[in-house]
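Please read the structure below before turning to the comments.
Only this structure's heavy atoms are used, side chains among them; waters, hydrogens and symmetry mates stay out.
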Amino acid sequence: QVHLVESGGGLVQPGGSLRLSCAASGNIFSINYMGWYRQAPGKQRVLVARISTGGSTNYVDSVKGRFTISRDNAKSTVSLQMNSLNPEDTAVYYCNAWTTGGMQYWGQGTQVTVSS
């Protein structure tokens, strides 16, 4: 079992920045990929960014150049630095972890609202 706890969401004006963090506990040595998904009202949950244990990253096109995912394997944390936020980034953001055994775990979600 892996337990994920997110922090750092909130309300920000367009053009602003936020940093999300996620701390993993439990069977952390089984974690391969960690990442962030988001779900806007009435829409499906979609991948935003992910990072492997070795540091390889993937981003959805809409956030490339604005968001940066990072990971501290020693502390079992993953962060998402979000810059140049726009209203289309408004969503509940979920931390995600994939294990080497193919199991997937989710955090409880944190709300990000971009509005003036």
Side-chain angles (χ1 to χ4, degrees):
Q1 287 281 350
V2 174
H3 186 54
L4 303 171
V5 178
E6 303 110 333
S7 61
L11 173 65
V12 64
Q13 292 186 343
S17 298
L18 279 176
R19 185 177 180 86
L20 305 181
S21 295
C22 173
S25 60
N27 191 13
I28 59 174
F29 297 105
S30 68
I31 296 175
N32 186 359
Y33 282 92
M34 295 189 75
W36 292 92
Y37 284 67
R38 67 186 180 188
Q39 187 168 19
K43 296 187 177 181
Q44 291 186 331
R45 191 176 299 186
V46 295
L47 175 68
V48 176
R50 70 173 187 173
I51 184 168
S52 71
T53 304
S56 298
T57 58
N58 299 98
Y59 296 91
V60 67
D61 285 347
S62 60
V63 308
K64 287 181 179 178
R66 300 189 298 124
F67 291 12
T68 302
I69 190 169
S70 59
R71 181 172 176 175
D72 187 329
N73 290 324
K75 296 181 180 179
S76 301
T77 59
V78 63
S79 297
L80 186 68
Q81 178 66 42
M82 305 185 293
N83 299 327
S84 301
L85 285 160
N86 59 62
E88 289 71 39
D89 296 315
T90 295
V92 178
Y93 284 70
Y94 296 90
C95 182
N96 170 269
W98 281 96
T99 70
T100 53
M103 296 295 292
Q104 185 172 195
Y105 296 92
W106 297 95
Q108 80 282 3
T110 185
Q111 177 69 47
V112 172
T113 302
V114 185
S115 175
S116 55

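How far CG of Leu47 is from CZ of Arg45: 12.0 Å, rounded to the nearest 0.5 Å. Rounding to the nearest 0.5 Å gives a distance of 6.5 Å between OH of Tyr59 and CD1 of Ile69. Between Thr57 atom OG1 and Tyr33 atom OH the span is 10.0 Å, to the nearest 0.5 Å. Rounding to the nearest 0.5 Å places CG of Asn32 at 8.0 Å from OG1 of Thr99. Residue Ile28 holds its CD1 atom at 9.0 Å from CG of Asn73, rounded to the nearest 0.5 Å. Expressed to the nearest 0.5 Å, how far CG of Asn58 lies from OG of Ser56 amounts to 7.5 Å.
Gln44 CD: 12 or fewer foreign heavy atoms inside a 6.0 Å radius. Atom CD of Gln1 has 12 or fewer heavy atoms from other residues, nucleotides or ligands within 6.0 Å.
Evaluated for a side chain to side chain contact (heavy atoms under 4.5 Å, CB included) with Cys22, the options Val5, Leu80, Leu4, Asn96 yield exactly one hit, Leu4.
A 4.5 Å side-chain heavy-atom check between Phe67 and Val60 finds every atom pair outside the cut-off. With contacts defined as side-chain heavy-atom distances shorter than 4.5 Å, the pair Leu18/Leu85 qualifies. The closest side-chain heavy-atom distance from Ser7 to Thr110 is not below 4.5 Å. The closest side-chain heavy-atom distance from Thr77 to Ser21 is not below 4.5 Å. Under the 4.5 Å side-chain criterion, counting only non-hydrogen atoms from C-beta, Ser79 is in contact with Arg19. Taking 4.5 Å as the limit, every side-chain heavy atom of Ile31 sits out of range of all side-chain heavy atoms of Thr53.
When all heavy atoms of Val63 and Val48 are compared, the closest pair comes out as CG2-O, 3.8 Å. Heavy-atom minimum distance, Val92 versus Gly109: CG1-CA, 3.9 Å. In plain terms, the two heavy atoms of Gly107 and Tyr94 that are nearest each other are O-CD2, 3.7 Å. Nearest approach of Tyr93 to Met82, heavy atoms of both residues: CE2-SD, 3.9 Å. A pairwise comparison of heavy atoms in Met34 and Cys95 identifies CE-SG, 4.3 Å as the closest pair. Among all heavy-atom pairs drawn from Ser17 and Asn83, the shortest one is OG-OD1, 2.9 Å.
In this structure, a donor-acceptor pair under 3.5 Å is present between the side chains of Thr113 and Gln111.
Between the side chain of Ser116 and the main chain of Gln13, no donor-acceptor pair closer than 3.5 Å is present. A donor-acceptor contact shorter than 3.5 Å links the side chain of Arg71 to the backbone of Ile51. Of the possible donor and acceptor atoms, none in the side chain of Asp89 sits under 3.5 Å from a partner among the backbone N and O of Val112.
Applying the ring pair (Phe, Tyr, Trp, His ring centres under 6.0 Å) criterion to Tyr37, with sequence neighbours excluded, gives Trp106.
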- Decide side-chain contact (heavy atoms from CB on, under 4.5 Å) for Met103 and Tyr105; before the verdict, give the C-alpha distance in whole Å, the side-chain angles of both, and the deciding distance to 0.1 Å. CA-CA 7 Å; Met103 296 295 292; Tyr105 296 92; 3.7 Å; yes
- Task: Any chance you could lay out the side-chain contact (heavy atoms from CB on, under 4.5 Å) test for Thr90 and Ser115, step after step, and finish with the verdict?
- Result: CA-CA 8 Å; Thr90 295; Ser115 175; 6.0 Å; no
